[in-house]
Chemist: 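Once you've had a glance at the structure underneath, I'll fire off some questions.
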Amino acid sequence: MTDFSASFDPGRLKPLPREFFNRDPRRVCRELLGKVLVRREQGKLLAARVVEVEAYMGTGDPAAHAFIGPTSRNQVLFGPPGHAYIYFIYGNHYCLNVSCMPEGKAGSVLFRALEPLAGIEKMQKVRGLEGAAVSARVLRLLTSGPGRLAEAFGITRLRDNGKDLTDPNSDLFLAADGFRPRRVLTTARVGITKAAEKPLRYLIAGNEFVSGKRSQTA
DNA sequence: TTATAGATTGCCT
DNA sequence: GGCAATCTATAAT
């Protein structure tokens, strides 16, 4: 099934407020599903719906980068809510998080998969799929996976780490367009070894853009 | 100073 | 289904 949004109107999108992110990452995860990630650049607009996220619980979570306490790498996580935390992983990929909880507390949400809505040509270009016929398979290759969606949105540590995603002038932000997921599922988080059993992955049930090889969207 | 694991992806068999 | 690529933060020496 596909979540095409009849209500999608790029001109009306404005950033979610800081208070949205000033709470438990698990709550932020649920609320973020169905929202829209927006990138503005050079008069162009990239937009994609959030369909899969994971909660990281700060210093109490062995799988979280904040587990070891504040460092130069993870300091954004301990700052105010609503800021982008970008890290580089496996020598190849950037991943996007948004900080949650009040300043001093380090919860966060990792973006794992999006459903492309606007700027698909541009995404194809940066993902190395320029000119490919737009099929379900090609769309999935754009933003289904944390490394993929970061590349599609041109997200890098240099450009975006620490950016305030609630600033009305930000070129990267999250917005609501009225879409509501029908059903949300929780599963174990992907790709971690510590605290791997906790059900902190949230996804829109049945959405075809959820990451991974088909079938586990149950 | 050196070693190693890692919130992944894509190519190979 | 298996595994190399490629870099960095942090741990170990």
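Naming convention: chains lettered A, B, ... in sequence-line order (proteins, then strands); numbering from 1 in each chain.
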Chemist: Determine, for A:D177 against A:K35, whether the closest basic-nitrogen to carboxylate-oxygen distance falls under 4.0 angstrom.
Modeler: no

Chemist: Heavy atoms within less than 4.0 Å of DNA chain B: which residues of residues 144-156 of chain A have one? Give them sorted by number.
Modeler: A:G145, A:P146, A:G147, A:R148

Chemist: When you match A:R157 and A:H93 each to their closest nucleotide on DNA chain C, which lands nearer the 5' end?
Modeler: A:H93

Chemist: If we take the C1' atom in both B:dA5 and C:dC3, what is their distance in whole Å?
Modeler: 16 Å

Chemist: Counting only heavy atoms and a strict 4.0 angstrom limit, can you tell me which residues of residues 58-87 of chain A come near DNA chain C?
Modeler: A:I68, A:T71, A:R73

Chemist: Flag as yes if A:Y90 stacks onto the base of B:dG6 (centroids under 5.5 Å, planes under 30°), otherwise no.
Modeler: no

Chemist: Any side-chain to backbone donor/acceptor pair from A:S211 onto A:S144? Under 3.5 Å, distance only.
Modeler: no

Chemist: How close or far is atom P of B:dG10 from atom CG of A:L142, stated in whole angstroms?
Modeler: 11 Å

Chemist: Expressed in angstrom and rounded to an integer, what is the separation of A:R189 atom CZ from B:dT8 atom P?
Modeler: 11 Å

Chemist: Pairs counted only when both distances fall under 3.5 Å, Watson-Crick or G-U: show me the 5' to 3' dot-bracket for DNA chain C, [ ] for pseudoknotted crossings and | for other-strand partners.
Modeler: |||||.||||||.

Chemist: When you list every nucleotide of DNA chain C with an atom under 4.0 Å from a heavy atom of chain A, which one comes first 5' to 3', and which comes last?
Modeler: C:dA5 to C:dT10

Chemist: Which pairs would a plain distance check flag for residues 121-129 of chain A, meaning a side-chain donor or acceptor within less than 3.5 Å of a matching protein atom at least two apart in sequence or in another chain?
Modeler:
from	atom 1	to	atom 2	distance (Å)
A:Q124	NE2	A:L129	O	2.8
A:Q124	NE2	A:A132	O	3.0
A:R127	NE	A:L141	O	2.9
A:R127	NE	A:L142	O	3.4
A:R127	NH1	A:E151	OE1	2.6
A:R127	NH2	A:L141	O	2.7

Chemist: Taking A:N161 for the side chain and A:T156 for the main chain, is one N or O donor matched with an acceptor at less than 3.5 Å?
Modeler: no

Chemist: Decide yes or no on salt bridge (Lys or Arg N to Asp or Glu O under 4.0 Å) for A:K163 and A:D160, but give the supporting numbers first.
Modeler: CA-CA 5 Å; A:K163 186 171 285 181; A:D160 300 302; 2.9 Å; yes

Chemist: Between A:D171 and A:R159, is there a salt bridge with N-O shorter than 4.0 Å?
Modeler: yes

Chemist: Flag the pair A:R189 and A:D61 as a salt bridge only when some basic side-chain nitrogen lies within less than 4.0 angstrom of an acidic carboxylate oxygen.
Modeler: yes

Chemist: With respect to the phosphate group of B:dA7, does any side-chain polar atom (N or O) of A:R201 fall under 4.0 Å of OP1 or OP2?
Modeler: no

Chemist: Would a hydrophobic clustering, with Ile, Leu, Val, Met, Phe, Trp and Tyr connected at side-chain separations under 4.5 Å, put A:M101 with A:L200?
Modeler: no

Chemist: Can you give me the closest heavy-atom contact between A:R49 and A:F179, atom names plus distance?
Modeler: NH1-CB, 3.2 Å

Chemist: Run the salt-bridge test on A:R112 and A:E52 with the 4.0 Å N-O cut-off and return the result as yes or no.
Modeler: yes

Chemist: Looking only at atom types and distance, does a side-chain atom of A:E54 sit under 3.5 Å from a main-chain N or O of A:V190, one as donor and one as acceptor?
Modeler: yes

Chemist: Begin from the C-alpha positions of A:T187 and A:R201 and carry the test side chain to side chain donor-acceptor pair (under 3.5 Å) through to its verdict.
Modeler: CA-CA 5 Å; A:T187 76; A:R201 174 176 177 240; 3.1 Å; yes

Chemist: Anything under 3.5 Å between a donor and an acceptor, one on a side chain of residues 79-89 of chain A, the other on a protein residue two or more places apart or in another chain? List them.
Modeler:
from	atom 1	to	atom 2	distance (Å)
A:H83	ND1	A:G162	O	3.0
A:Y85	OH	A:H65	ND1	2.7

